[in-house]
Q: 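Pasting a structure here, questions to come.
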Number of protein chains: 2
Amino acid sequence: MKPVLHPDIADIEAAAVFAALADPTRLAIVLAMAEAEEFESRCSSFTDFGSPSLLTYHFNKLREAGVTRVRAAGTSRYVSLRREDLDARFPGLLDSIIATARRDPSVPRIPEGRLIAL
Amino acid sequence: MKPVLHPDIADIEAAAVFAALADPTRLAIVLAMAEAEEFESRCSSFTDFGSPSLLTYHFNKLREAGVTRVRAAGTSRYVSLRREDLDARFPGLLDSIIATARRDPSVPRIPEGRLIAL
DNA sequence: TCAAAATTTCAATGATCATTGAATTTAGGG
DNA sequence: CCCTAAATTCAATGATCATTGAAATTTTGA
């Protein structure tokens, strides 16, 4: 299993972060993670947003941009927001992004009550 | 002269704003406008960032996303950030974006001393 | 009315994007 | 050891992107 690669904090670029959030599906994923109770979520919790294959694609974009972290455990993968890292690199940005997504009803949402499970 | 169209505040979408900022050249333009003394700048002040034709393209993207406002006067055009509108729609977002661009050295900059003229 | 300046338009280019679906890999549990 | 669940890989698709350069447009000032 090839290791999952993440950019160093210093290599996270503003334009790349915005590009990662430019897609409604990815913005929805980030919002769902921010809204979730748990620190990390299983990737397969996001099936509402697309097929497994498509989710792999979007999770890669988010990870490569430095927005998320992915941890492999057994046959599953767990995603989380890189809160500390992003706050260190661009203070306040992540919170601002989340607040923005919250205010925009056009960002897709997981049906009320459905959980982002661990 | 066909009028310049701007989206209503309510129609500004988060993903569209992020898409507008996803390009290094456009992020540089926004940063330069934020850094400028004046409220608005003549479009031709940004020639450092590309050819006239290319600038038209990028200014259109920014305007269509709701990030900037364009005013035509004579043979010139004047761009400005839609500060109030963006603050109303997504409070804090624009400031956060500007602070983020400032912190990222990879965002292109106009050579020190060169002005964004009116 | 002419000429120059500022900007747009247009077509063409190659690159990257989001999406699909089928085939494959990976790892754990019985 | 096999079965199954979870996820990736891969190729193919059409759409949109950023960029170029040449031609057209618009408007003002001489």
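In the text below, chain A, chain B and the rest are named by the order of the sequence lines, each starting its count at 1. Only a predicted model underlies this, so the values are computations on that prediction, with no experimental measurement involved.
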Q: Rounded to the Å, how far apart are R26(B) CZ and dT19(D) C1'?
A: 12 Å
Q: If a pair satisfies salt bridge (Lys or Arg N to Asp or Glu O under 4.0 Å) and one of its residues is in residues 47-56 of chain A, list it, with sequence neighbours excluded.
A: D48(A)-R114(A)
Q: Check side chain to side chain donor-acceptor pair (under 3.5 Å) between E64(B) and all other residues, then give those that pass, not counting sequence neighbours.
A: none
Q: Pairs under 3.5 angstrom only: tabulate donor-acceptor contacts from the side chains of residues 66-73 of chain A to other protein residues two or more places apart or in another chain.
A:
from   : atom 1 : to     : atom 2 : distance (Å)
T68(A) : OG1    : R63(A) : N      : 3.3
R69(A) : NH1    : S80(A) : OG     : 3.4
R71(A) : NE     : E40(A) : OE1    : 3.2
R71(A) : NE     : E40(A) : OE2    : 3.3
R71(A) : NH2    : E40(A) : OE2    : 2.4

Q: Would you jot down, in residue-number order, the residues of residues 12-23 of chain B having a non-hydrogen atom under 4.0 Å from DNA chain D?
A: D23(B)
Q: Which residues pass the side-chain contact (heavy atoms from CB on, under 4.5 Å) test with S51(A), sequence neighbours left out?
A: S53(A), L54(A)
Q: Does the side chain of R82(A) reach to within under 4.5 Å of the side chain of I12(A), using non-hydrogen atoms?
A: yes
Q: So if I take the C1' atoms of five pairs at each end of the helix from dT1(C)-dA30(D) to dG30(C)-dC1(D) and get each local axis, what angle do the two axes make, rounded to 10 degrees?
A: 10°
Q: Separation of E64(A) atom CD from dT8(D) atom P, in whole Å?
A: 12 Å
Q: Mind checking what makes salt bridge (charged side-chain N to carboxylate O under 4.0 Å, His left out) contact with D23(A), not counting sequence neighbours?
A: none
Q: Considering just the side-chain nitrogens and oxygens of K61(B), establish if one lies under 4.0 Å of OP1 or OP2 belonging to dC17(D).
A: yes
Q: Can you name the side-chain contact (heavy atoms from CB on, under 4.5 Å) partners of S76(B), sequence neighbours left out?
A: R42(B), Y78(B)
Q: Under the rule for side-chain contact (heavy atoms from CB on, under 4.5 Å), what residues qualify as partners of A19(A), not counting sequence neighbours?
A: A22(B)
Q: Report each atom pair, protein N/O against N/O of nucleotides 8-12 of chain C, whose distance is under 3.5 angstrom.
A:
from   : atom 1 : to     : atom 2 : distance (Å)
dT8(C) : OP2    : T56(B) : OG1    : 2.2
dT9(C) : OP1    : K2(B)  : NZ     : 3.2
dT9(C) : O4     : S53(B) : OG     : 3.2

Q: OP1 or OP2 of dA27(C) versus the side-chain N and O atoms of S76(A): is any pair under 4.0 Å?
A: no
Q: Which residues pass the ring-ring contact (aromatic ring centres under 6.0 Å, His included) test with F46(B), not counting sequence neighbours?
A: F59(B)
Q: Of S51(A) and G74(A), whose closest DNA chain C nucleotide lies nearer the 5' terminus?
A: S51(A)
Q: Counting only N and O atoms by type, is there a donor-acceptor contact under 3.5 Å from the side chain of R26(A) to the main-chain atoms of A20(A)?
A: yes
Q: Does H58(A) have a side-chain nitrogen or oxygen under 4.0 Å from the phosphate oxygens OP1 or OP2 of dC17(C)?
A: no
Q: How long is the line joining CG of L62(B) and C1' of dC17(D), in whole Å?
A: 14 Å
Q: Can you sort out the partners of P52(A) under side-chain contact (heavy atoms from CB on, under 4.5 Å), two or more places apart, ordered by chain and number?
A: none
